[in-house]
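Report on the structure given below.
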Amino acid sequence: SQTIHQWPATLVQPVGSPLSLECTVEGTSNPNLYWYRQAAGRGLQLLFYSVGIGQISSEVPQNLSASRPQDRQFILSSKKLLLSDSGFYLCAWSGGYRQGGNTIYFGEGSWLTVV
Amino acid sequence: SQQGEEDPQALSIQEGENATMNCSYKTSINNLQWYRQNSGRGLVHLILIRSNEREKHSGRLRVTLDTSKKSSSLLITASRAADTASYFCATVGGNNRLAFGKGNQVVVIP
């Protein structure tokens with residue numbers, strides 16, 4: 001069965017510090033990978049998605065970046081965090097379109113507080 | 001791009017009652033999905049209904065889809081305290097990507 005892991009689960013970072021959130025998927029190959037952000041009391045905002053190694057699409061301009069160094073690894077980064085980067089970050093994966101359904105499977109999330 | 005919009009935003013019910021949530025969207029879709037999120041956790045997929053389907057059941061869940069009105073409803077029958085969560089609808093359009101609504105908080109009182 002497929003599983004998704006992301007870490008760390010919580011972190012408190014000072015403004016201007018770097019960020020690295022990691023996500024790995026097991027039990028599948030060539031997944032579509034996603035990073036979402038969820039601000040308090042709001043819906044999910046798609047930040048990045050990737051259909052393959054080294055292929056990253058950004059949905060919104062910001063000081064975050066994403067990388068996919070391996071097929072089942074997705075990393076969210078920032079060189080200098082802003083207060084507005086605080087939120088709940090969710091990694092997710094889905095099968096390719098031919099696998100049907102486009103159901104997305106989420107990790108447990110990472111709480112980021114920038115102070 | 002389309003976005004699901006759930007209505008009402010918050011719902012508080014007694015255990016055993018039914019809970020109904022609605023979702024509307026703006027453009028044509030391939031399918032519509034409902035997800036549940038327990039507080040501070042990731043989202044869990046509940047059910048998917050395709051654009052050519054009108055109703056779908058999964059356990060105590062019943063989803064309807066009216067493409068002419070661009071709306072969907074999620075019914076949870078015989079609610080339990082464990083159903084307390086936020087429920088999101090999400091639509092999949094021609095770009096094959098999900099667009100989520102803002103969520104619908106449901107509190108089931110034991």
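Bear in mind the structure is a predicted one, so any value in this text is a computation, not a measurement. In what follows, chains are A, B, ... by sequence order, proteins preceding strands, each numbered from 1.
- More than 12 heavy atoms of other shown residues, nucleotides or ligands fall within 6.0 angstrom of atom CZ in B:R60.
- Residues satisfying the side chain to side chain donor-acceptor pair (under 3.5 Å) test with A:R68, not counting sequence neighbours, are A:S50, A:D71.
- Identified under the salt bridge (Lys or Arg N to Asp or Glu O under 4.0 Å) test for residues 38-48 of chain B, with sequence neighbours left out: A:E108-B:R41.
- Close approach to chain B, defined as a heavy atom under 4.5 Å from one of its heavy atoms, is seen in A:F88, A:L90 of residues 79-91 of chain A, taken by number.
- Under a hydrophobic-cluster definition in which Ile, Leu, Val, Met, Phe, Trp and Tyr are linked whenever side-chain heavy atoms come within less than 4.5 Å, directly or via other members, A:I56 and A:V25 are assigned to the same cluster.
- With rounding to the nearest 0.5 angstrom, the CG atom of A:L44 is 10.0 Å from the OH atom of B:Y35.
- Every residue meeting the salt bridge (Lys or Arg N to Asp or Glu O under 4.0 Å) condition with B:R62, not counting sequence neighbours, appears here in chain and number order: B:E55.
- Criterion: ILVMFWY side-chain heavy atoms under 4.5 Å apart, direct or through other members. Under it, B:I49 and B:M21 are part of a common hydrophobic cluster.
- For A:Y49, the part lying near chain B is the side chain, with the backbone staying farther off; criterion is any non-hydrogen pair under 4.5 Å.
- Taken from CD in A:Q38 to CZ in B:F100, the straight-line distance is 9.5 Å, to the nearest 0.5 Å.
- Hydrophobic clustering of Ile, Leu, Val, Met, Phe, Trp and Tyr side chains at less than 4.5 Å, counting indirect connections, unites B:L11 with B:V63.
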